[in-house]
Amino acid sequence: MSAETIFWIAHLPMMGLFLLGMGLVFANWLKGSVNGQAGASNKQKIGAIIKIVLVTLFSRKLLLLIKSFVIEAWFNRRLYRNDWRRWISHFALLSGFMLLMVLSGISAVADKLLIHIFHLEHIPWIAMWANPDHPITAVLNEIGSVMMTGGLLYFLFRRYLSRVPQLRTGPLDTWMVVGLSLILLTGWITEIIHINSSHAEATAYFAFIGYPLAQLFKGLPLPWDALFDVLYVGHGLLTSLVIVYVPFSKFMHVIAGALVTMINQMNEDVARLGWEKGEAHGRA
Amino acid sequence: MAALDLSRFTFKQLMEIDSCTRCGECITWCPTFAEKQDQDAIAPLHKIEVLQKAIRQQYGLRARIFGAPPLDEAVLTAHASGTYDCTLCGRCGLVCPVHIDTRSLWIAMREQLVDMERHPEAMSTLRDTVSSSYNISGDANTERLIWSENLPTIPEGVKGKEHAEVVYFVGCVSSFYPQSYSIPQGFAEILDNAEVDFLTLGGAEQCCGFPLIIAGMGDSARELVRHNVDAVRRTGAKALVATCPSCYHTWHADYSRIIGEPLGFEVLHSTELLRDLIAEGRIKLGSFGRRVTYHDPCDLGRTSGIYDAPREVILSIPDIEFIEMKDTREYSLCCGGGGDVEMSDKDLSASVARSRLEQAQATEAKVILSACQQCTRTLAGAARREKVRIRVMDVVELVARVMER
């Protein structure tokens, strides 16, 4: 059985668990009122939420929603006003994470769908996304990883070394740090092993941090190919495990925080622009 | 103990609880935590954390499989105390990187604590007083116009009119607390001088419901709301004006939601009306050659978004020297008089007021202006206690003083 098969056998049930966890969180949110109707059934509440979502997506509010996501959730203007160093750290962590997620998604679609099913490997701009050593993917992956690592290091420094008084560090914070650190650490190790294995292509040097690091360890008498299989599965499953943990952890703020920021900023903008003037104030 | 009931929260608020990044920014901006730094239960982050833990404990995976354990009594007691030791100033929400609407969240937490009968005794007393007397002081509600009795001439609009263009909603503090009488007195004089067709509701005015709503007892405010709306509608007024920012906010933001329909008339704060009357030349102002600073009331500024109107009124007074405090406009520090804290923890309210007074002193202003009778009362109290020679006035009082008659 190949390393990849092992990965998928474990990964898919874990994604099922992730969805189950998200369902649990959503069920808790549903205990609250929607449109001020506390006594409504879950079915009615879900119907009302779907209606709100559709009305937003198919109206001019969508533009405000996109604007809110970019300016307030991603570029987090408020955080910048509060502390620019924290802003850099957060922006690097979030952007690096988003970049790596997008690259993983594109890579999976290119490899599993367009190449394996539709056999489009002869099209260079499709094939490149399935190849981690292609100059573009290598550089992009490296940028994402460096941003995440830099952001996490500042986070660690601030929370555990300089111990800023406003912070309250508890298990929720520590487990998130452990999860992120393990993902990043195994990610870098996997990259080094990949570059030193026979899988690597000549253009692997575009990984501008991983490649020099790999050269440092190249002389070690290690079974790089075998190690790569283990680390590839290990890193992938560790990432899956952290994803399963998302609904039960502080990682949840990545999803809920983005949604809340977008909704509240959009509502603020709608009120400021007077788009719903005359409507009764609601508590959705 | 009954399971944790989350029906007091909205879907979005429960989402907000999960969105907290625990960055602690709220802690650095909280005026009450700044005065009681040994009590983490006051910290906004902590309140969210307690609720988040309780929700997970009661409705998490383990609870769903093995059953939920009882809520921790000690944690609950501290949480209740921390939740009511909050002036509801909303600064925490302003700086929250994920835009949590904290003020609404704290009110929902109070509603939940009321349901669990964990609210301070002072809040029950408040509810009883307002329910029986229709005002917060417990005086006979028919005495609502007592402030007008020592006016040299009582404007027609104060007593004796049944219909008018504008209803002046006086509010409980201005009606019943002698320290604040000069605000409605001044405002009535201004309206009369500007020939505004106005009236007051007199004994037909009841508490706007704000103190109950923010105490988490909004259900008890419904009858007051309905009564006040009907009373104003009977006058045929096109607008309602309030000198109290809390009354203004409640009328402007909560009333239509509570009654489930539009009010059918405009709601204004006194500073908005004053600005318009000055701009229209209906009030002529004489000079005031002193340095003044302005304190933004939380319910007028952060909660209602009115920052410019009072400043425009102040700056229209000839010879006035206006200087802003360190924390101003959206970032204004609370005076300590909000959130019913004065009823549950007088010392805490006084400590916050002292901090704001220090900011005012730093400007070397001779007068602190505000646009709220509660802020004026709280800051004047702090100045008296600290023996600081600084005058505290409402913008209305100043305009009435410099107005050419």
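Here is how names work: the chains are called A, B, and so on, in the same order as the sequence lines, proteins then strands, and each is numbered from 1. Keep in mind that this is a model prediction, so the values were computed, not measured.
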I need the B/M15 CE to A/N28 CG distance, nearest 0.5 Å. 13.0 Å

Sequence neighbours left out, what passes side chain to side chain donor-acceptor pair (under 3.5 Å) with A/H235? Give chain and number order. A/T186

Does A/M15, at its CE atom, have more than 12 non-hydrogen atoms belonging to other residues, nucleotides or ligands within less than 6.0 Å? yes

Report the C-alpha distance between B/Q52 and A/L172 in whole Å, list the side-chain angles of each, state the deciding distance to 0.1 Å, and finish with yes or no for side-chain contact (heavy atoms from CB on, under 4.5 Å). CA-CA 11 Å; B/Q52 195 179 48; A/L172 278 176; 3.8 Å; yes

Which members of residues 69-80 of chain A, sorted by number, sit under 4.5 angstrom from chain B on a heavy-atom basis? A/E72, A/N76, A/R78, A/L79

Can you name the nearest heavy-atom pair linking A/R81 to B/Y331, along with the distance? CD-OH, 4.0 Å

Non-hydrogen contacts under 4.5 angstrom with chain B: give the residues of residues 250-260 of chain A involved, or none if there are none. A/K250, A/M252, A/H253, A/A256, A/G257, A/L259, A/V260

Around atom NZ of A/K61, are there more than 12 heavy atoms from other residues, nucleotides or ligands closer than 6.0 Å? yes

Got a sec: does the CZ of A/R272 have more than 12 other heavy atoms crowding it under 6.0 Å? yes

Could you list which of residues 33-51 of chain B have a heavy atom closer than 4.5 Å to any heavy atom of chain A, in residue-number order? B/F33, B/D40, B/L45

For A/S249, is it the side chain, the backbone, both, or neither that has a heavy atom closer than 4.5 Å to a heavy atom of chain B? backbone

CG (B/L14) and CG (A/L30) are apart, to the nearest 0.5 Å, by 9.5 Å

Is B/L6 close to chain A through its backbone or its side chain, or both, or neither, when contacts mean heavy atoms under 4.5 Å? both

With a 4.5 angstrom heavy-atom cut-off, is it the side chain or the backbone of A/P165 that approaches chain B, or both, or neither? neither

Side chain, backbone, both or neither of A/I263 within contact of chain B (heavy atoms, under 4.5 Å): side chain

For the atom pair CG (A/N267) and NE2 (B/H99), what is the distance rounded to the nearest 0.5 Å? 12.0 Å

Work out which heavy atom in A/F248 is nearest to a heavy atom in B/R56; give both atom names and the distance. O-NH1, 3.8 Å

Might you confirm whether atom CD of B/E223 has over 12 heavy atoms from other residues, nucleotides or ligands at distances under 6.0 Å? no

Tell me, yes or no, whether the heavy-atom count around A/W188 atom CH2, taken from other residues, nucleotides or ligands under 6.0 Å, exceeds 12. yes

Might you work through the side-chain contact (heavy atoms from CB on, under 4.5 Å) test for B/Y59 and A/L24, ending with a clear yes or no? CA-CA 8 Å; B/Y59 297 109; A/L24 206 63; over 6 Å; no

Please classify the contact between A/R86 and chain B as side chain, backbone, both or neither, with a heavy-atom cut-off of under 4.5 Å. side chain

For B/R233, does the CZ atom sit with more than 12 other heavy atoms under 6.0 Å from it, leaving out its own atoms? yes

Does any heavy atom of chain A fall under 4.5 Å from the side chain of B/C20, the backbone, both, or neither of them? backbone

Is there a side-chain contact (heavy atoms from CB on, under 4.5 Å) between A/N264 and B/K12 once you walk through the steps? CA-CA 9 Å; A/N264 283 346; B/K12 184 168 72 69; 2.7 Å; yes

If you look at every heavy atom in B/R22 and A/R159, which pair is closest and at what distance? O-NH2, 2.9 Å

Let's go through B/F11 and A/F26 carefully: what are the C-alpha distance in whole Å and the side-chain angles of both, what is the deciding distance for side-chain contact (heavy atoms from CB on, under 4.5 Å) to 0.1 Å, and is it a yes or a no? CA-CA 9 Å; B/F11 180 88; A/F26 188 76; 3.4 Å; yes

